[in-house]
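Worksheet: the structure to be examined is printed underneath.
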Protein chains: 2
Amino acid sequence: MPRPRLADVAAAAGCSTASVSLVLRGEPGPSEATRDRVLAAAEQLGYRPDRAASLLARRRSGMLGVVTDVRSTFHAELVEELLDASARRGFDLLIGARSPARDEERAVETLIDSRCEALLLLGTSGPAERLVALDGQVPVVAVSGRAGGVDGVRVDDERGTREATEHLLALGHRDVVHVDGGAGEIAADRCRGYVAAMTAAGLAPRVLRGGHGEADGAAAAADLGGATAVTVFNDRAAVGLLDALVRAGVRVPADVSVAGFDDSPLARLAHVDLTTVSQDVPALVANALDLVVARLDGVRAERREVVLAPRLVVRGTTSAPP
Amino acid sequence: MPRPRLADVAAAAGCSTASVSLVLRGEPGPSEATRDRVLAAAEQLGYRPDRAASLLARRRSGMLGVVTDVRSTFHAELVEELLDASARRGFDLLIGARSPARDEERAVETLIDSRCEALLLLGTSGPAERLVALDGQVPVVAVSGRAGGVDGVRVDDERGTREATEHLLALGHRDVVHVDGGAGEIAADRCRGYVAAMTAAGLAPRVLRGGHGEADGAAAAADLGGATAVTVFNDRAAVGLLDALVRAGVRVPADVSVAGFDDSPLARLAHVDLTTVSQDVPALVANALDLVVARLDGVRAERREVVLAPRLVVRGTTSAPP
DNA sequence: TTGTAAGCGTTATCAT
DNA sequence: ATGATAACGCTTACAA
């Protein structure tokens, strides 16, 4: 017994496929009597509409594509919130996972080929021209990543690290270094915030090469020199750094203070208890969906960027210098 | 300029849609000359095949659906490996995320409607009858979860906790408790392993109600009583427990030893440094894909379950009792 | 209110 | 080797 089709339901209900289609989608038209018969027949046959066929026949798919970094717990938080928020707006979510071995472009292709109506790129660092080209095909919203030429929602990254740095300076630190996030606009922004705070305090900034992952943070531990405090690109790298410091017998925050960025679940663990910069996930998501819906409804053509305020969360990894 | 279709490419290349289709899919038939013209035309028009249409016309979709718990870093590891391994076998992956607010059944629906050829359920705890019913529609493989009536790949969970418990007993602990994973077959298995080890040692087992998340583990901290060692359902709950203990001023492992399960990235952090039971992710994934492919090729009808050996990883959270 | 039929963009069959 | 043309399963005017 092959998967039942619309025609099978129509036959069983004794009406046309058109009526069945209308009933199943809750469209007005069919009478109460046919409604009942159709519903009963569909139920009895275990009918499930074929999305591929539906997509083909319809203009809209009702699906949103999300590209995430599988490894990021911060992205996992965003996805969890998106799952909820998009369902409330009647959209279904398709997740395109990217990993070191499968870059954003490939994930995007799968999503586009699956007819997603819009794309939400989490933490993208793609070059502006690629994003703009993509945006030509389908509305693109960069979430928590510097949007080069496309719609975007993000917290003020520069201000975030600036405040984190100022927090360390206020504690009395003078030799504060920054472990950056490698290439990418967000990394540059966060680095800029650090530099701004240091310069404003009349101190010389020192930036170490880092990255997005634990390993990147850990690698930077060796180059800290005499620094008494560190601001790190994100929580993951900060945890890596913390990790390396602990292994090396360095006490945190007694010897070195560390501040991260994201306020990921990781940072909240009592073991880690990381001072960090919080991004308001529900607000990020709500704004992103607003942008998507606005574009989809054709209300707006010009590019828009929403910048939310970061919030410094002081925890146990920062204290006065030794 | 609407999205170019196959017909547009055909027109530009001066041949039929059939030829274009063959060329684009690399099927033999068309001559070298038409090949070149078609490829050039497609490239020039920026043509991308429409998956929905392709799915409709084809029997197979080449897509595998994966249902994961967004919050689980262990699942993230599995997905990362799956991304690679399935691509190597020519399959594309569609991720259906489940969260507290969106259960497995809903994720499965989306995946099936998207025409996935087979489903990989990560850490499912669904009732056997539902899985079997699902398996009637599309091949289902339960990965790292007790498969009730469907194909499955998992490590020997019972043996895992049994070995962890034996490790604690060998260290000299007598009062060892287990924080279980709530309902579900895997939780029951792991609990059984603990009970077996305790019973074999002539000790009375004591099981505390737990769950899959950090909060569940943390909640169990209050009920430890005089126990000097704990085996926990998984690493996440173990980290939550660790967390609560640290906050309460209990030293680990000096006062209490803790062992987890999964060997998730979390466990490997120096801050956590959790003794745990490792599941061989690449092997889990490779076997799961083997099962899927075998079913898809119609080679096999009977149900098969692959059980891999767990591996105890002793780290810093376990030591002799105080 | 209900049914008929023309797409939607590919793939696959079957002539040519 | 190539080109019509019929599926594929659903949506949606348009008729009845």
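We name chains A, B, ... by the order of the sequence lines, and we start the count at 1 in each one.
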- Item | Spacing between B:Arg37 atom CZ and D:dT2 atom P, to the nearest angstrom | 7 Å
- Query: Is any side-chain N or O of B:Ser16 closer than 4.0 Å to OP1 or OP2 of D:dT2?
  - Reply: no
- Message: What's the separation between atom CG in A:Leu289 and atom CG in A:Leu82, rounded to the nearest 0.5 Å?
- Response: 5.5 Å
- Among D:dC10, C:dT10, C:dG3, the one nearest B:Tyr47 by side-chain distance: C:dT10
- Message: D:dT2, OP1 or OP2 - any side-chain N/O from B:Thr34 closer than 4.0 Å?
- Response: yes
- To the nearest Å, how far apart are A:Leu24 CG and D:dG9 C1'? 13 Å
- Report yes if the side chains of B:Thr68 and B:Arg98 come closer than 4.5 Å at any heavy-atom pair, otherwise no. no
- Note on the structure: Which of C:dG3, D:dG3, C:dG9 is nearest the side chain of B:Leu56? It is C:dG9
- Task: Check every atom of C:dT2, D:dT5, D:dG9 against the side chain of B:Thr17 and return the nucleotide holding the closest atom.
- Result: D:dT5
- Query: Which whole-number value in Å describes the distance from B:Asp50 CG to C:dC8 C1'?
  - Reply: 8 Å
- Item | Shortest side-chain distance from A:Ser21, nucleotide among C:dT2, D:dT12, D:dT2 | D:dT12
- Message: For D:dG3 and B:Ser19 - does any side-chain N or O of the residue sit under 4.0 Å from the phosphate oxygens OP1/OP2?
- Response: yes
- Could you pull out all residues at least two apart from A:Gln44 that satisfy side-chain contact (heavy atoms from CB on, under 4.5 Å)? none
- Task: Would you mind reading off the distance between B:Arg35 atom CZ and D:dT2 atom C1', rounded to a whole angstrom?
- Result: 13 Å
- Would you mind telling me which residue lines up with the more 5' stretch of DNA chain D, B:Ala53 or B:Pro30, judged by nearest nucleotide? B:Pro30
- For atom CD of B:Glu43, decide whether the heavy atoms of other residues, nucleotides or ligands shown that lie under 6.0 angstrom number more than 12. no
- Task: Compare the minimum distances between each of D:dG9, C:dT11, C:dT1 and the side chain of A:Arg5, then state the nucleotide with the smallest one.
- Result: D:dG9
- Atom-to-atom span, CG of B:Leu22 to P of C:dC14 - whole angstrom: 15 Å
- Taking atom P of D:dT11 as reference, at what distance in whole Å does atom CZ of A:Arg58 sit? 6 Å
- Rounding to 0.5 Å, atoms CG (A:Asp92) and CG (A:Leu94) come to a distance of 7.5 Å
- Item | Closest nucleotide among C:dG3, C:dG9, D:dA1 to the B:Ala57 side chain | C:dG9
- For atom CG of A:Leu55 and atom C1' of C:dC8, their distance in whole Å: 11 Å
- How is B:Arg25 classified with respect to the nucleic acid when contacts are heavy atoms under 4.0 Å: base, sugar-phosphate, or nothing? sugar-phosphate
- Message: Rounding to an integer number of Å, can you tell me how far B:Leu6 CG sits from D:dC8 P?
- Response: 19 Å
